[in-house]
Amino acid sequence: MHMVTAAVAGASGYAGGEILRLLLAHPEFSIGALCAAGNAGSRLGEHHPHLGPLSDRVLEPADPELLASHDVVFLALPHGASAALVADLPDSVVVLDCGADFRLTDAEAWSRYYDTPYAGSWPYGLPELTLPDSTGRDALVGAGRIAVPGCYPTAVTLALAPGLAAGVLDPEDVVVVAASGTSGAGRSLKPHLLGAEVMGSMSPYGVGGVHRHVPEIVQNLSAAAGSEVSLSFTPVLAPMPRGILATCTARIRVGTSAAQVRSAWTRAYADEPFVHVLKDDRQPSTSAVLGSNLVLVQVAVDERAGRVVVTAAIDNLTKGTAGGAVQCANLALGLPETCGLPMTGIAP
Ligand SMILES: NC(=O)C1=CN([C@@H]2O[C@H](COP(=O)(O)OP(=O)(O)OC[C@H]3O[C@@H](n4cnc5c(N)ncnc54)[C@H](OP(=O)(O)O)[C@@H]3O)[C@@H](O)[C@H]2O)C=CC1
Ligand SMILES: CC(=O)N[C@@H](CCC(=O)OP(=O)(O)O)C(=O)O
């Protein structure tokens, strides 16, 4: 097979930079056009000095004709910018959208949480999503368009879907608190994300069910459960560049043993290369998944509260965005799913 040519739109941003880091190590991809908006004309090294071999590459405007000359296009753009670009891309180009534009199947939910017009929905790029009789992978093999999940939805969905799909959890009482590193907010200047505001401090935001990942998580968990899930979701900003740690609890169905609960997760993830259910009482940490496509999960039963407590750690830029996108591109192209993806974190 010839090398797969890939263009990256949004190359100067955090997600675009991480996609390029992964593509540089991928044996089947060659890196084509690197596109940006206001930073078009500058060199990639100004934005991503860590991507040495690509330092002198000049960023170009994200022109559909240029993108269309590649086998694969990764879009890492702000919400609302993808639809106009893909309208002019032929079906033969495989497109992975890291933005939210094509993630939601419910137009009404989109308009409640986003301020751009509803663009439609594409196959959802979470291969390990546990559904009652299948996985999310089925929709992705050979797909031409894929909506890459948000970072919180990746962690929370992988934490809870096995228990909901197995029917051991009550879908009507799901509570999640998840902490994220600041790169999750992207690179553009945000006053509440200046160093002095973030360093040495943690703070919740989007409190009270208003965060735009609520409908995406509900969509995923409801598909796993086979019925509408009721979710309370609170994100927390943590003083670190990367990483998400999600703490997810749900009521265990009466009559379910602790062993039955845990086996829902060990069965679902037994053959998943990136998702590891931790043994004993070890807990996931964001440092252990840094730079990797791994998801570390622990499942504990709080017998007194009658609840499961599932903790999950990912790197928001790797499995939470760019790694997920490359994993989906592998599936779309018929390559081994793990091809080119980091299976280990960096420690200490
Ligand atoms: N950061 C994360 O952890 C995650 C991000 N995502 C999603 O990935 C996408 C990118 O996020 P992130 O990298 O963090 O954002 P950044 O703000 O860091 O980067 C945005 C990129 O998009 C480019 N851009 C902006 N507007 C346009 C436009 N109209 N046409 C073409 N290019 C444009 C910017 O170019 P320029 O520099 O020239 O302005 C820049 O390269 C978002 O949709 C985000 O929600 C998803 C999951 C997690
Ligand atoms: C820390 C932080 O600000 N995180 C982002 C989530 C980023 C993400 O996953 O992305 P999408 O925008 O692609 O949905 C937020 O809460 O908005």
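Just follow the structure's listing: the first ligand is 1, and inside any ligand the first atom is 1.
Any N or O atom pair closer than 3.5 Å counts here, and Cys151 shares at least one such pair with ligand 2. Checked by distance only, ligand 2 and Glu216 stay at 3.5 Å or farther apart across all their nitrogen or oxygen atoms.
Of all atoms in ligand 1, listed by their number and element, those nearer than 4.0 Å to a heavy atom of Gly186 are 14 (O), 15 (O), 18 (O). Near Gly320, meaning under 4.0 Å from one of its heavy atoms, ligand 1 places the atoms 47 (C), 48 (C). When each atom of ligand 1 is checked for a heavy atom of Ser188 under 4.0 Å away, the hits are 17 (O).
Residue contact check for ligand 2: Ser180 places a non-hydrogen atom closer than 4.0 Å to it. Using a 4.0 Å heavy-atom cutoff, Gly181 is listed among the residues neighbouring ligand 2. Note on ligand 2: Thr182 sits outside its first shell, no heavy atom being nearer than 4.0 Å. Within the structure, the closest approach of Pro149 to ligand 2 does not fall below 4.0 Å when heavy atoms are considered.
The protein atom (non-hydrogen) at minimum distance from atom 16 (P) of ligand 1 is Arg187 N, 3.5 Å. In terms of protein heavy atoms, atom 13 (O) of ligand 2 is closest to Arg103 NH2, 2.7 Å. Nearest to atom 12 (O) of ligand 2 among the protein's heavy atoms is Arg212 NH2, 2.3 Å. Taking atom 3 (O) of ligand 2 as the reference point, the nearest protein heavy-atom neighbour is Ala185 CB, 3.3 Å.
Residue nearest to atom 4 (N) of ligand 2, selected from Ser183, Gly206, Ala178, Gly184: Gly184 (by heavy-atom distance).
With a 4.0 Å heavy-atom cut-off, ligand 2 is reached by the backbone of Cys98 but not by any atom from C-beta on. Within the 4.0 Å heavy-atom criterion, neither part of Ala9 lies near ligand 1.
Salt-bridge check for Asp97 with Arg145: failed, with every basic side-chain N at 4.0 Å or more from each acidic carboxylate O.
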